[in-house]
Undergrad: 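Shown below is the structure under consideration.
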Amino acid sequence: MEQLPLEFYTRNDVLQIARELLGKLLVTNLDRKTTSGRIVEVEAYNGIVDKASHAFGNRRTNRTETMYAEGGVAYVYLCYGIHHLFNVVTNKNNNPHAILIRALEPVTGIETMLKRTGKKKLDFSLTRGPGNLSKALGLSTLQNGFKLTDKAIYIADDGIAFTKREIMSSPRIGVEYAGEDALLPYRFYKKENPYVSGKPK
DNA sequence: GAGTAGATCCTCT
DNA sequence: GAGGATCTACTCA
């Protein structure tokens, strides 16, 4: 199992990176506990030209500053006052690309995830949806700006990759306000995986 | 089973 | 002062 190198994140094709993230392992070492999950759903946010992105129009604020950092860091922010959403920042300095991790398949530390989320037993909702998976992995705004090349949070390749046929794309979720950009097929997910959010077919 | 309200708080205008 | 890259529970049928 290999931690992804910085060069993986600093490339400029956020859609390509998003596709490649599928099948990788997201690992957290927080609270002296290790938890990990296989990424099965992501959404790409294509920088300043993307109306659905917080960085649209090169809007630069305290919150979005993390996205302008060099790729390979975590961008975590609070949504609806309740949910912490975890993103991977990509591209070079001052190019605010990001990839939202929307769903995982639990791999290690399931007991810990259950404890964190207050669930009694494993079900598909444990790591389905960005709010839930952040909770399960112990991610919060405290981890905003963490480097993915460190040990606390990182993404690893254990040799498993999905085939092209297994990867589906669709418009993103929850971004209706973004006008025509809401229609862009920037969401990628593994076909027929029960952890993928949205409506089961 | 489908539709909707409520939670809850940080960020930006 | 408004609203958001969401989720859950509750209503109603």
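Letters A, B, ... are given to chains in the order of the sequence lines, protein chains preceding strands, and every chain is numbered from 1.
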Undergrad: For the pair made of CG in Asp181(A) and P in dA5(C), what is the distance, rounded to whole Å?
TA: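 For the pair Asp181(A) CG and dA5(C) P, the rounded distance is 13 Å.
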Undergrad: What's the closest nucleotide to the His83(A) side chain, out of dC7(C), dT8(B), dG4(C)?
TA: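 So the side chain of His83(A) is nearest to dC7(C).
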Undergrad: Out of dC9(B), dT6(C), dT13(B), which nucleotide sits closest to the side chain of Pro130(A)?
TA: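 Between dC9(B), dT6(C), dT13(B), the one nearest the side chain of Pro130(A) would be dT6(C).
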Undergrad: Across the strands shown, which category fits Asn87(A) at heavy-atom distances under 4.0 angstrom: base, sugar-phosphate, nothing?
TA: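 Touches a base.
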Undergrad: Could you give the CZ-to-P distance, from Arg187(A) to dA5(C), as a whole number of Å?
TA: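 These atoms are roughly 16 Å apart.
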Undergrad: Under 4.0 Å: is that the gap between some side-chain N or O of Tyr75(A) and OP1 or OP2 of dA5(C)?
TA: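 For Tyr75(A), the contact criterion (side-chain N or O under 4.0 Å from OP1 or OP2 of dA5(C)) is not met.
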Undergrad: Any salt bridge between Glu70(A) and Lys92(A), counting N to O under 4.0 Å?
TA: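 Result for this pair is no, no salt bridge flagged.
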Undergrad: With respect to the phosphate group of dA5(C), does any side-chain polar atom (N or O) of His54(A) fall under 4.0 Å of OP1 or OP2?
TA: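 Checking dA5(C) against His54(A), a side-chain N or O does come within under 4.0 Å of OP1 or OP2.
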Undergrad: How many whole angstroms separate atom NE2 of His84(A) from atom C1' of dG4(C)?
TA: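 That distance rounds to 14 Å.
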Undergrad: Do Lys191(A) and Glu166(A) sit within salt-bridge range, that is, some charged N less than 4.0 Å from a carboxylate O?
TA: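 No.
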Undergrad: Taking the same atom, C1', in dA5(C) and in dG3(B), what whole-Å distance lies between them?
TA: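 It comes out at 22 Å once rounded to the nearest Å.
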Undergrad: Does Asn62(A) make a side-chain N or O approach to OP1 or OP2 of dC10(B) shorter than 4.0 Å?
TA: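 It does not, given that no N or O in the side chain of Asn62(A) lies less than 4.0 Å from OP1 or OP2 of dC10(B).
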Undergrad: Rounded to whole angstroms, how far apart are NZ on Lys51(A) and P on dG3(C)?
TA: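 Taking atom P of dG3(C) as the reference, NZ of Lys51(A) is at 18 Å.
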Undergrad: CG of Asn132(A) versus C1' of dA9(C): gap in Å, rounded?
TA: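 Distance, rounded to whole Å: 14 Å.
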Undergrad: Compare side-chain N and O positions of Arg63(A) against OP1 and OP2 of dG4(C) and report whether any pair is under 4.0 Å apart.
TA: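 For Arg63(A), the contact criterion (side-chain N or O under 4.0 Å from OP1 or OP2 of dG4(C)) is not met.
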Undergrad: Does a salt bridge link Glu41(A) with Arg187(A), judged by any charged N lying under 4.0 Å from a carboxylate O?
TA: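 Salt bridge: yes.
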Undergrad: Now, which nucleotide makes the Watson-Crick or G-U wobble pair with dA2(B), with each of the two distances under 3.5 Å?
TA: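 dT11(C) is the nucleotide pairing with dA2(B).
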Undergrad: Quick one: is Tyr77(A) getting a side-chain N or O under 4.0 Å of the dA5(C) phosphate, OP1 or OP2?
TA: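 True: Tyr77(A) side-chain N/O within range (under 4.0 Å) of dA5(C) OP1/OP2.
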Undergrad: Any chance the side chains of Ser197(A) and Arg128(A) put a donor and an acceptor closer than 3.5 Å?
TA: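 Absent: no donor and acceptor within the cut-off.
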Undergrad: Regarding Tyr75(A) and His54(A), is there a side-chain donor-to-acceptor distance under 3.5 Å anywhere?
TA: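 Short answer, yes.
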Undergrad: Taking CG from Leu142(A) and P from dC10(B), how many angstroms apart are they, rounded to a whole number?
TA: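 Rounding to the nearest Å, CG of Leu142(A) and P of dC10(B) are 12 Å apart.
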Undergrad: So which nucleotide from dT6(C), dA7(B), dA5(C) ends up closest to the side chain of Ile82(A)?
TA: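 Selected nucleotide (nearest to the side chain): dA7(B).
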Undergrad: Between Arg172(A) (side chain only) and Asp181(A) (backbone N and O only), is there a donor and an acceptor less than 3.5 Å apart?
TA: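 Checked: pair present.
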Undergrad: Expressed in angstrom and rounded to an integer, what is the separation of Tyr80(A) atom OH from dG3(C) atom C1'?
TA: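 Result: 8 Å.
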Undergrad: May Tyr45(A) be described as stacking on the base of dA5(C), applying a 5.5 Å centroid limit and a 30° limit on plane angle?
TA: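 So yes, this residue stacks on that base, both cut-offs being met.
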Undergrad: State the pairing partner of dT8(B); accept Watson-Crick or G-U wobble contacts with both distances under 3.5 Å, and report none otherwise.
TA: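 Across any shown strand, dT8(B) pairs with none.
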Undergrad: How long is the line joining CD1 of Ile101(A) and C1' of dT6(C), in whole Å?
TA: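 So the two atoms are 16 Å apart, to the nearest Å.
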